[in-house]
**Q** 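Structure incoming, see below.
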Amino acid sequence: MKLPTDLKYAKSHEWIKILSDGVYEIGITDFAQKELGDIVFVALPEVGDDIEAGQDFGTVESVKTSSDVYCPVTGTVEEINDILADTPEAINQDPYGTWFIRVRGTLDEKGLLDAKEYDAVTGVK
């Protein structure tokens with residue numbers, strides 16, 4: 001399982017990339033996309049929406065199930081990944097290169113995991 005060491009992880013299987021000047025990129029992990037299976041639809045918030053840390057901001061639907069996606073950052077949605085509207089399967093092909101949203105806000109790293117800690121949570125070797 002791919003697990004970049006430069007990202008932070010939530011126990012709810014989202015990854016967080018810290019960009020410059022208070023902007024954070026959020027997606028789902030390789031573990032999550034494998035558990036979901038073939039992804040067929042992604043619902044995302046609107047640019048300008050305010051989101052609280054721990055709040056769901058979207059839904060991922062696969063051929064097996066659907067799952068909410070949670071935001072680890074409190075802030076405002078600055079950008080959504082438009083590619084996901086037409087090609088949601090891009091998440092299966094490259095989960096760490098296919099971000100969902102970019103949020104400008106405040107990240108409370110309490111409760112977030114590094115790659116080694118997240119690997120221990122998933123129990124996948």
Side-chain angles (χ1 to χ4, degrees):
M1 179 173 71
K2 294 174 18 179
L3 207 51
T5 57
D6 62 331
L7 303 176
K8 294 288 186 183
Y9 300 89
K11 288 182 181 176
S12 52
H13 308 294
E14 291 82 17
W15 57 260
I16 304 99
K17 184 175 186 178
I18 301 170
L19 302 177
S20 62
D21 65 7
V23 178
Y24 305 92
E25 201 169 74
I26 299 159
I28 62 170
T29 65
D30 191 24
F31 175 83
Q33 69 83 20
K34 284 180 179 172
E35 289 292 307
L36 287 165
D38 294 332
I39 295 172
V40 295
F41 179 76
V42 179
L44 296 175
E46 299 287 327
V47 171
D49 284 356
D50 292 327
I51 299 177
E52 293 287 326
Q55 177 184 27
D56 67 283
F57 69 84
T59 305
V60 177
E61 294 182 18
S62 70
V63 294
K64 293 176 12 181
T65 188
S66 70
S67 180
D68 291 332
V69 184
Y70 297 93
C71 190
V73 178
T74 295
T76 303
V77 177
E78 192 162 275
E79 188 175 352
I80 61 170
N81 190 347
D82 291 330
I83 291 171
L84 294 176
D86 295 327
T87 56
E89 67 275 12
I91 298 164
N92 293 118
Q93 297 161 1
D94 185 10
Y96 298 110
T98 310
W99 53 275
F100 285 39
I101 61 173
R102 290 183 175 149
V103 175
R104 178 175 296 280
T106 305
L107 177 66
D108 181 2
E109 293 193 36
K110 182 179 174 185
L112 296 179
L113 309 171
D114 63 23
K116 186 176 178 180
E117 293 167 327
Y118 180 74
D119 191 36
V121 167
T122 61
V124 177
K125 297 290 176 194

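Numbering of residues begins at 1 and proceeds along the displayed sequence. Since we're looking at a predicted model, the values are computed, not measured.
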**Q** Just so I know, are the side chains of Leu7 and Tyr118 near enough to count as touching, which here means a heavy-atom distance under 4.5 Å?
**A** no
**Q** Are any non-hydrogen side-chain atoms of Lys17 and Leu19 less than 4.5 angstrom apart?
**A** yes
**Q** What distance do Leu107 atom CG and Tyr24 atom OH have between them, rounded to the nearest 0.5 Å?
**A** 5.0 Å
**Q** State which residue, out of Ile80, Val23, Val73, Val47, fulfils the side-chain contact (heavy atoms from CB on, under 4.5 Å) condition with Arg102.
**A** Val23
**Q** Could you check whether any side-chain heavy atom of Phe100 comes within less than 4.5 Å of a side-chain heavy atom of Ile91, counting everything from C-beta outward?
**A** yes
**Q** I want to check something: taking the side chain as every heavy atom from C-beta on, are Leu36 and Ile28 in contact at a cut-off of under 4.5 Å?
**A** yes
**Q** With heavy-atom distances below 4.5 Å as the criterion, would you say the side chains of Val69 and Ile101 are in contact?
**A** no
**Q** Can you establish whether the number of heavy atoms outside Ile83 located under 6.0 Å from its atom CD1 is more than 12?
**A** no
**Q** Would you give the length of the straight line joining atom OH of Tyr96 to atom CD of Gln33, rounded to the nearest 0.5 angstrom?
**A** 8.5 Å
**Q** Are the side chain of Thr87 and the backbone of Leu84 linked by a donor-acceptor contact shorter than 3.5 Å?
**A** no
**Q** Hey, mind stepping through Ser62 and Asp38 against side chain to side chain donor-acceptor pair (under 3.5 Å) and telling me if it holds?
**A** CA-CA 5 Å; Ser62 70; Asp38 294 332; over 6 Å; no
**Q** Would you mind writing out the side-chain donor-acceptor pairs for residues 109-116 within the sub-3.5 Å range, not counting sequence neighbours?
**A**
| residue | atom | partner | partner atom | Å |
| --- | --- | --- | --- | --- |
| Asp114 | OD1 | Lys116 | N | 3.2 |
| Asp114 | OD1 | Glu117 | N | 2.8 |

**Q** Would a single hydrophobic cluster contain both Ile16 and Phe31, if residues Ile, Leu, Val, Met, Phe, Trp and Tyr are joined by side-chain heavy-atom contacts under 4.5 Å?
**A** no
**Q** Enter the distance from Thr29:OG1 to Glu35:CD here, rounded to the nearest 0.5 Å.
**A** 9.0 Å
**Q** So, the side chain of Trp15 versus the backbone of Tyr9: is there a donor-acceptor pair under 3.5 Å, distance only?
**A** no
**Q** Starting at CZ of Phe57, measure out to CD of Glu14 and round the result to the nearest 0.5 Å.
**A** 6.5 Å
**Q** What do the steps show when you test Tyr70 against His13 for ring-ring contact (aromatic ring centres under 6.0 Å, His included), and what is the final call?
**A** CA-CA 9 Å; Tyr70 297 93; His13 308 294; over 10 Å; no
**Q** Shortest non-hydrogen contact from Pro45 to Ile51?
**A** CG-CD1, 4.3 Å
**Q** Backbone N or O of Ile39 within a donor-acceptor pair of the Asn92 side chain at under 3.5 Å?
**A** yes
**Q** With heavy-atom distances below 4.5 Å as the criterion, would you say the side chains of Asp94 and Lys2 are in contact?
**A** yes
**Q** Any heavy-atom pair between the side chains of Val103 and Ile26 that's under 4.5 Å?
**A** yes
**Q** Which is it for Asp30 and Leu3 under the side-chain contact (heavy atoms from CB on, under 4.5 Å) test, yes or no, and what are the steps along the way?
**A** CA-CA 7 Å; Asp30 191 24; Leu3 207 51; over 6 Å; no
**Q** Heavy-atom distance under 4.5 Å between the side chains of Asp108 and Thr74, does that happen here?
**A** no
